[in-house]
Amino acid sequence: MEPRLNFLANPVSGKALQSLASAGRALAESTLPAATRELVALRASQINGCGFCADIHTKEATHAGETPTRLHLLATWRDASVYTEAERAALELAEQGTRIADAAGGVTDEAWANAAKHFDEDQLAALVSEIAIINAFNRLNVITANPGGDYQVGQFG
């Protein structure tokens, strides 16, 4: 499977991608737990059908010490006992934020309040940013049919 467009090599999309990647790297400096960031990125990628991003975030999460059980159960996190209440709140916010078009009103007040119980304002800002950024990356990769499978941990710095 070949991508429709190599947006890494294209000068126009390459500049945009550098800015988006820079925004994502800034989140690594936040106090939002890395495991939460990876779980959120992977779950949004699953929902959006982005094999390229699912490949990246599965491998990065594994490299960071995430367990196979938690990764395998992520698509069914509501029915799994391996996630903390904070992670559940983040995953709910990520799902609602990813599926904005599917629900009138977007993210519910209940989902926001639950996330706010577990994360401080800076962590919420990082969480919302993570959700927005991974959804942008998902769309770039899905639109251009960029396949997953070849990612190497740390490949993009």
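One is the number of the first residue; the rest follow in order along the sequence.
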**OP:** Output the distance between atom CD1 (Ile134) and atom CZ (Arg139), rounded to the nearest 0.5 Å.
**Re:** 10.0 Å
Original post:
Less than 4.5 Å apart, any side-chain heavy atom of Tyr83 and any of Leu74?
Top reply: yes
**OP:** Would you mind reporting whether Phe7 and Val12 have side-chain heavy atoms less than 4.5 Å apart?
**Re:** no
**OP:** Would you give the length of the straight line joining atom CD of Glu2 to atom CG of Asn146, rounded to the nearest 0.5 angstrom?
**Re:** 9.5 Å
**OP:** Look at the side-chain heavy atoms of Ile, Leu, Val, Met, Phe, Trp and Tyr, link any pair under 4.5 Å apart, and say whether Ile131 and Leu124 land in one connected group.
**Re:** yes
Original post:
Which value, rounded to the nearest 0.5 Å, describes the distance between Ser81 atom OG and Leu73 atom CG?
Top reply: 8.0 Å
**OP:** Using atom types as modelled and distance alone, determine if a side-chain donor or acceptor of Asn141 lies under 3.5 Å from a backbone N or O of Phe137.
**Re:** yes
Original post:
Does any N or O in the side chain of Ser22 come within less than 3.5 Å of the main-chain N or O of Gln18, such that one atom is a donor and the other an acceptor?
Top reply: no
**OP:** Output, in order, the C-alpha distance, side-chain angles, deciding distance and verdict of side-chain contact (heavy atoms from CB on, under 4.5 Å) for Leu20 and Leu140.
**Re:** CA-CA 11 Å; Leu20 192 57; Leu140 286 169; 3.9 Å; yes
**OP:** Measure the spacing between CD of Glu130 and CG of Leu93 and express it to the nearest 0.5 Å.
**Re:** 12.0 Å
Original post:
Would you say the side chain of Glu66 lies within less than 4.5 Å of the side chain of Leu39, judging by non-hydrogen atoms?
Top reply: yes
Original post:
Between Ser45 and Ala41, is there a donor-acceptor pair closer than 3.5 Å when you use the side chain of the first and the backbone of the second?
Top reply: yes
Subject >> Any donor-acceptor pair under 3.5 Å from Glu38 side chain to Thr58 backbone >> reply: no
Original post:
Regarding Ser30 and Gln123, is there a side-chain donor-to-acceptor distance under 3.5 Å anywhere?
Top reply: no
Subject >> Test item: Arg43 and His57 side chains (from C-beta on) under 4.5 Å apart, heavy atoms >> reply: no
**OP:** Look at the side chain of Asn10 and the backbone N and O of Asn6, then say whether any donor-acceptor pair between them is shorter than 3.5 Å.
**Re:** no
Original post:
Are any side-chain N or O atoms of Arg37 and backbone N or O atoms of Leu32, one a donor and one an acceptor, separated by less than 3.5 Å?
Top reply: yes
Subject >> Leu42 reachable from Phe52 in the ILVMFWY side-chain graph, under 4.5 Å edges >> reply: no
Original post:
Are the side chain of Asp55 and the backbone of Gly149 linked by a donor-acceptor contact shorter than 3.5 Å?
Top reply: yes
Original post:
Do Glu85 and Lys117 sit within salt-bridge range, that is, some charged N less than 4.0 Å from a carboxylate O?
Top reply: no
Subject >> Glu87 side chain reached by Trp77 side chain, heavy atoms, under 4.5 Å >> reply: no
Subject >> Ile143 CD1 to Asn138 CG distance, which is reported to the nearest 0.5 Å >> reply: 10.5 Å
**OP:** Can you establish whether the number of heavy atoms outside Gln155 located under 6.0 Å from its atom CD is more than 12?
**Re:** yes
Subject >> Heavy-atom check, side chain of Val128 versus side chain of Trp112, under 4.5 Å >> reply: yes
**OP:** Please report the shortest heavy-atom distance between Glu92 and Ala111, naming the atom on each side.
**Re:** CG-CB, 4.1 Å
Subject >> Validation row: Arg78, Glu95 side chains within 4.5 angstrom (heavy atoms) >> reply: yes
Original post:
Quick one: does Gln96's side chain have a donor or acceptor within less than 3.5 Å of a partner on Thr108's backbone?
Top reply: yes
**OP:** Decide whether Leu17 and Leu5 are clustered together by the hydrophobic rule: side chain heavy atoms of Ile, Leu, Val, Met, Phe, Trp, Tyr closer than 4.5 Å, transitively.
**Re:** yes
Original post:
Should Ile100 and Val40 be counted in the same cluster of Ile, Leu, Val, Met, Phe, Trp and Tyr side chains packed under 4.5 Å apart?
Top reply: no
Original post:
Where the side chain of Thr67 meets the backbone of Arg70, is there a donor-acceptor pair that is under 3.5 Å apart?
Top reply: yes
Original post:
How close do Val142 and Gly49 get, heavy atom to heavy atom, and via which atoms?
Top reply: CG2-O, 3.8 Å
Original post:
What do you reckon, is CG of Asp102 surrounded by more than 12 foreign heavy atoms closer than 6.0 Å?
Top reply: yes
Subject >> Heavy-atom closest contact (Ala44 atom, Asn135 atom, distance) >> reply: CB-ND2, 4.2 Å
**OP:** Decide whether Leu71 and Tyr151 are clustered together by the hydrophobic rule: side chain heavy atoms of Ile, Leu, Val, Met, Phe, Trp, Tyr closer than 4.5 Å, transitively.
**Re:** no
Original post:
Quick one: does Asn114's side chain have a donor or acceptor within less than 3.5 Å of a partner on Glu110's backbone?
Top reply: no
Original post:
Roughly how far, to the nearest 0.5 Å, is CZ of Arg25 from CD1 of Ile133?
Top reply: 10.5 Å
